Amino acid sequence: MEERPLLMIPGPIEIADAVIAAYSTPPPSHVSADVIRDFGDALRAMRAVWCADEEAQPFVVPGSGTLAMEMAAANLVDPGEAVLLVHTGFFSERMGEMLRRRGADVTEIKAEPGGAPDAAEVEAALGSADFKALFATHVDTSTGVRVDAEALADAATRHGALSVFDGVCATAAERLEMAAWEVDVYLTASQKAIGLPAGLALLVASDRAMKARESLGSLPPMSIDFAEWTPIMRAYEAGKPSYFSTPATTLISALRVSLEDILRSDLGADHGMPARFAQHQRAADALRAAWDALDLTLLPAPGLAANTLSAIRYPAGVDATMVGSVRERGVIIAGGLHPDLKHTYFRVGHMGRVVGEPERLLRTVEAIGLALAQHGHERDVSAALDAVERQLHA
Ligand code: PMP
């Protein structure tokens, strides 16, 4: 067993040694040549990772995923404007609360935990009022549910609404084509599949989203205003120093390393983002085969399970103390998060470097299988491990 426990929660995640090396340096000046180069390269790499067009504006701001959500709400929506929220769990709830605090008139279409509103419902809601924007959580980390972001963005565009996605638990792992799908804002944080520690809020805005900020009546808080940050981002991309608020220099250098690594994802003839998405799909399929072999049931309804994490119901007779038993076997997983049913399921993150490390996936399955047996749910753990191997090599 490795000495250090393996971190298999849905963020923060195991990260690359090269990324750790990149941020483990004495802090450089934010206007040093190296930081300017790394910042510019990171912004260009973001467009590639988001599959965004040249007009799209990337932002890297010190902060959390929550801050990135706030930035989206405050830069697009004026008090009194109508927005539609596709609600799939804990983080959608947070988005709704933020929008209400901004003064927006929020209409929610809400699914039961583990579900997602269906396309017809979204379509009908969009047709029922003149919404400024549709907000959705691409993968809600509390339920492990992934919405069909392509279909939602398309529906929003057809109804003349902007589309905004919280991609904190999806970016750089779940398929996203910001330009092709005409997504307007897609935001994330550094501590999940981006492969960094927490500390950076990352957001890409379309040209339409930038125009929405320009025509806003009520200014956003200064520290998250697109208008304050845009000249800074543009200066760094042009290789020039600039200052509005001190950037997280060492994390930005690490971001460049991680994004360039993500873009190099290489599986046979495939490369770049398609390979990266396929790698996450394959690992998720392999783990789902293991959960099946262990006689476990997922929280998400069929077809809605994300590739970045598994939300798994405790089998009969097993409770949340099982998470501690997995920890004793050297693997850290997470308990439930959705307030309505958090004591009924656990969560396993599978994003970033571990999806290319079969031995760590197997170690996770083994620890979970043995801990479940210890708690009375005894199943054939070697069959689960075989299922993983088979899927990974399929
Ligand atoms: N949205 C989603 C989908 C998340 O998973 C998280 C964090 N788990 C957040 C938003 C908030 O991010 P942070 O904790 O960095 O504020």
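On a predicted model such as this, the values are computed, not experimentally measured, just so you know. In what follows, every heavy atom counts, from backbone to side chain, and hydrogens, waters and symmetry copies are set aside.
Between Ala170 and Val139, the shortest heavy-atom distance links the atoms CB-CG2, 3.9 Å. Residue Arg313 comes nearest to Leu296 through the heavy atom pair O-CD2, 4.3 Å, listed as atom of the first residue, atom of the second, then distance. Closest approach of Pro241 to Ala235, counting heavy atoms only: O-CB, 4.4 Å. Closest non-hydrogen pair, Ile194 versus Ser258, comes out as O-OG, 2.5 Å. Residues Ile13 and Lys192 share a closest heavy-atom pair of CD1-O, 3.1 Å.
With values rounded to the nearest 0.5 angstrom, Gln374 atom CD is found 5.0 Å from Arg329 atom CZ. One distance of note links CZ of Arg288 with OG of Ser310; it measures 6.5 Å at 0.5 Å rounding. Annotation: the span from Leu255 atom CG to Thr249 atom OG1 amounts to 12.5 Å, rounded to 0.5 Å. Arg256 CZ to Asp34 CG: the interatomic distance, rounded to the nearest 0.5 Å, is 9.0 Å. With rounding to the nearest 0.5 Å, the separation of CG in Asn307 from CG in Asp285 is 6.5 Å. Here NE2 of His159 is found 4.5 Å from CD of Glu123. Values are rounded to the nearest 0.5 Å.
With respect to the salt-bridge test (charged N to carboxylate O, under 4.0 angstrom), the residues Asp105 and Arg100 do not qualify. A salt bridge does not link Glu55 to Arg47: none of the charged side-chain nitrogens sits closer than 4.0 Å to a carboxylate oxygen. Using a 4.0 Å cut-off between a side-chain N of Lys or Arg and a carboxylate O of Asp or Glu, Arg363 and Glu359 do not qualify as a salt bridge. Using a cut-off of 4.0 Å between Lys/Arg side-chain N and Asp/Glu carboxylate O, Arg44 and Asp41 are scored as salt-bridged. Taking a cutoff of 4.0 Å between a charged side-chain nitrogen and a carboxylate oxygen, Glu70 and Arg94 do not qualify as a salt bridge. A salt bridge links Arg353 to Asp17: one of the charged nitrogens lies within less than 4.0 Å of a carboxylate oxygen. Contact check on Asp386 versus Arg390 returns no salt bridge, with no Lys/Arg side-chain nitrogen under 4.0 Å from an Asp/Glu carboxylate oxygen.
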*Let me see the working for Leu203 and Val185 under side-chain contact (heavy atoms from CB on, under 4.5 Å), right down to the final yes or no.*
CA-CA 7 Å; Leu203 182 151; Val185 169; 3.8 Å; yes
*For His343 and Asp319, run side-chain contact (heavy atoms from CB on, under 4.5 Å): C-alpha distance rounded to whole Å, both residues' side-chain angles, the deciding distance at 0.1 Å, then the answer.*
CA-CA 7 Å; His343 301 300; Asp319 65 19; over 6 Å; no
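The aromatic rings of Tyr236 and Phe39 lie parallel to each other, their planes meeting at an angle below 30°, with 60° marking the opposite boundary. Using bins of under 30°, 30° to 60° and over 60° for the plane-to-plane angle, the ring pair Phe59/Phe226 lands in the parallel bin.
Without hydrogens or angle criteria, Glu81 side chain to Asp78 main chain gives a donor-acceptor distance under 3.5 Å. Trp291 contributes no side-chain N or O that, together with a main-chain N or O of Ala311, makes up a donor-acceptor pair within less than 3.5 Å. Using a distance-only test at 3.5 Å, with no hydrogens or angles considered, no donor-acceptor pair links the side chain of Trp181 to the main chain of Leu176. Using modelled atom types, no side-chain atom of Arg234 and backbone atom of Gln57 make a donor-acceptor pair closer than 3.5 Å. The backbone N or O of Ser163 lies less than 3.5 Å from a partner atom in the side chain of Asp184, making a donor-acceptor pair. One N or O on the side chain of His280 and one on the backbone of Gly352 form a donor-acceptor pair closer than 3.5 Å.
Test Val164, Thr157, Val147, Leu84 against Leu152 for side-chain contact (heavy atoms from CB on, under 4.5 Å) and you get one pass: Val147. Of the candidates Asp140, Thr188, Leu202, Thr188 is the only one forming a side-chain contact (heavy atoms from CB on, under 4.5 Å) with Val168.
In this view, Asp292 satisfies the salt bridge (Lys or Arg N to Asp or Glu O under 4.0 Å) rule with no residue, not counting sequence neighbours.
Side-chain N/O atoms of His375 and Ser325 include a donor and acceptor closer than 3.5 Å. No side-chain donor from either of Glu174 and His138 sits under 3.5 Å from a side-chain acceptor of the other.
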Which pairs of donor and acceptor atoms, one on a side chain in residues 21-30, lie under 3.5 Å apart (sequence neighbours left out)?
from	atom 1	to	atom 2	distance (Å)
Ser24	OG	Ile20	O	2.6
Ser29	OG	Val31	N	2.9

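Side-chain rings of Tyr345 and Tyr314 stay apart, their centers remaining 6.0 Å or farther from each other.
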